[in-house]
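Excluded from the calculations below are hydrogen atoms, water molecules and symmetry mates; all remaining heavy atoms, backbone and side chain alike, are included.
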Amino acid sequence: MTTTSVQAQRQFVYRFGSTEYNLSSRTHIMGILNVTPDSFSDGGKFFDVETAVAGARRMVDEGADFIDIGGESSRPGSEALTIDEELHRVLPVVERLARETSVPLSIDTYKARVAEAALNAGAVIVNDISALTFDAKMAATIARAGASVVLMHMKGTPKTMQQNPTYNNVTREVAQYLGEQARVAELASIRQVLIDPGIGFGKNLEHNLQLLKELKQFGRLGYPILVGASRKSFLGSILDLPVTDRMEGTSAAVTVSVLNGAHVVRVHDVREMKRVSRVADALK
């Protein structure tokens, strides 16, 4: 049986808090809410609580199925943030959104203390760019809360990841890593796992293109696939355009992701990418 036919038969019905999604039924949209002054794409745009909450509400109105809240930039070369500062940035936003919207909330962090506080405040997903490797307490924290996890592949750290990343076969190596970390998550009793190949995280242009072209291979692992290609640098390399002018490039990357098996796309421009994904779903 081919990878494609296996994916077609598998139904990923996941419960996120009080919300149940069949992730296999269509492409789901995760809206990016960076509560940071220095993210690569929208640093400072949602840095205060009121602006962040208003931005999240707009994304919900535009069709977001999830809101992913992050307080630490993971752009190439970025420095780590203290736990206290990260909590100061994200916790008030999570608390407000948990009260004011029913859309499942994700906390974008690799720190167990931040994850625990956000989960207690109403988040139901931990989006961990380290795939449980940076903090030994993270897996147990997620399992204890009965939360879901997004496991992302990254080579190195945000500070070092773009310093000449090399692979023998990027798709095979990333898939092997994600399969191993998914087993770690399941052994820790985390019930719902999603996998993310980590576009732009320790990959050069050719690596990113190969991962998108060969995304169907990740279906063999047996988990929903999340792809975050929105406004990424590889699009700027292809188009020779700044981060503020990559809508069409993002649309192309989202389309390829959907056609090649993505279940969730993580995006900045929710309204536009919702439309793109609907057309791609129809084509698929």
Evaluate the side-chain proximity of [Y] to [X]: yes if any heavy-atom separation is below 4.5 Å, no if none is.
X      : Y      : answer
Ile225 : Asp196 : no
Met59  : Leu33  : yes
Phe234 : Leu205 : yes
Val279 : Asp281 : no
Met30  : Leu226 : yes
Val126 : Val150 : no
Leu91  : His88  : no
Met247 : Thr250 : no

Which pair of non-hydrogen atoms, one from [X] and one from [Y], has the smallest distance, and what is that distance?
X      : Y      : value
Ala253 : Leu212 : CB-CD1, 4.4 Å
Ile29  : Ser277 : CD1-OG, 3.6 Å
Ala98  : Ala121 : CB-O, 3.3 Å
Ala175 : Leu221 : O-CD1, 3.6 Å
Thr101 : Val103 : OG1-N, 3.3 Å
Ala139 : Ala188 : CB-CB, 3.7 Å

Measuring from atom [atom1] of [X] to atom [atom2] of [Y], what distance do you get when rounded to the nearest 0.5 angstrom?
X      : Y      : atom1 : atom2 : answer
Tyr223 : Leu194 : OH    : CG    : 11.0 Å
Thr19  : Asp65  : OG1   : CG    : 9.5 Å
Ser130 : Lys111 : OG    : NZ    : 10.0 Å
Leu211 : Glu206 : CG    : CD    : 11.0 Å
Asn260 : Leu215 : CG    : CG    : 6.0 Å
Met154 : Lys203 : CE    : NZ    : 8.5 Å

Decide, yes or no, whether a salt bridge links [X] with [Y] under the criterion of side-chain N to carboxylate O below 4.0 Å.
X      : Y      : answer
Lys274 : Asp269 : no
Arg58  : Glu62  : yes
Arg144 : Glu116 : yes
Glu86  : Arg113 : no
Arg89  : Glu72  : no
Arg266 : Asp108 : yes

Distance-only donor-acceptor check, side chains Gln176 and Glu180, under 3.5 Å
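Per modelled atom types, Gln176 and Glu180 side chains form a pair under 3.5 Å.
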Side chains of Asn127 and Ser106: any donor to acceptor distance under 3.5 Å?
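Distance-only check fails for Ser106 and Asn127.
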Might you confirm whether atom [atom1] of [X] has over 12 heavy atoms from other residues, nucleotides or ligands at distances under 6.0 Å?
X      : atom1 : answer
Asp240 : CG    : no
Arg15  : CZ    : yes
Arg26  : CZ    : yes
Lys284 : NZ    : yes

Does the plane of the ring in Phe16 sit parallel, tilted or perpendicular to the ring in Phe66? Use 30° and 60° as the thresholds.
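Ring orientation, 0 to 90° scale: perpendicular.
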State plainly whether one hydrophobic cluster holds both [X] and [Y], where clusters connect Ile, Leu, Val, Met, Phe, Trp and Tyr through side-chain heavy atoms under 4.5 angstrom apart.
X      : Y      : result
Leu259 : Met273 : no
Leu81  : Ile129 : no
Val114 : Leu119 : yes

Report yes if the distance between the aromatic ring centroids of His153 and Phe201 is under 6.0 Å, otherwise no.
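So the answer is no for these two rings.
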Test the Lys155-Tyr167 pair against the cation-pi criterion, namely NZ or CZ under 6.0 angstrom from the six-membered ring centroid and within 45° of the ring axis.
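Yes, a cation-pi geometry holds between Lys155 and Tyr167.
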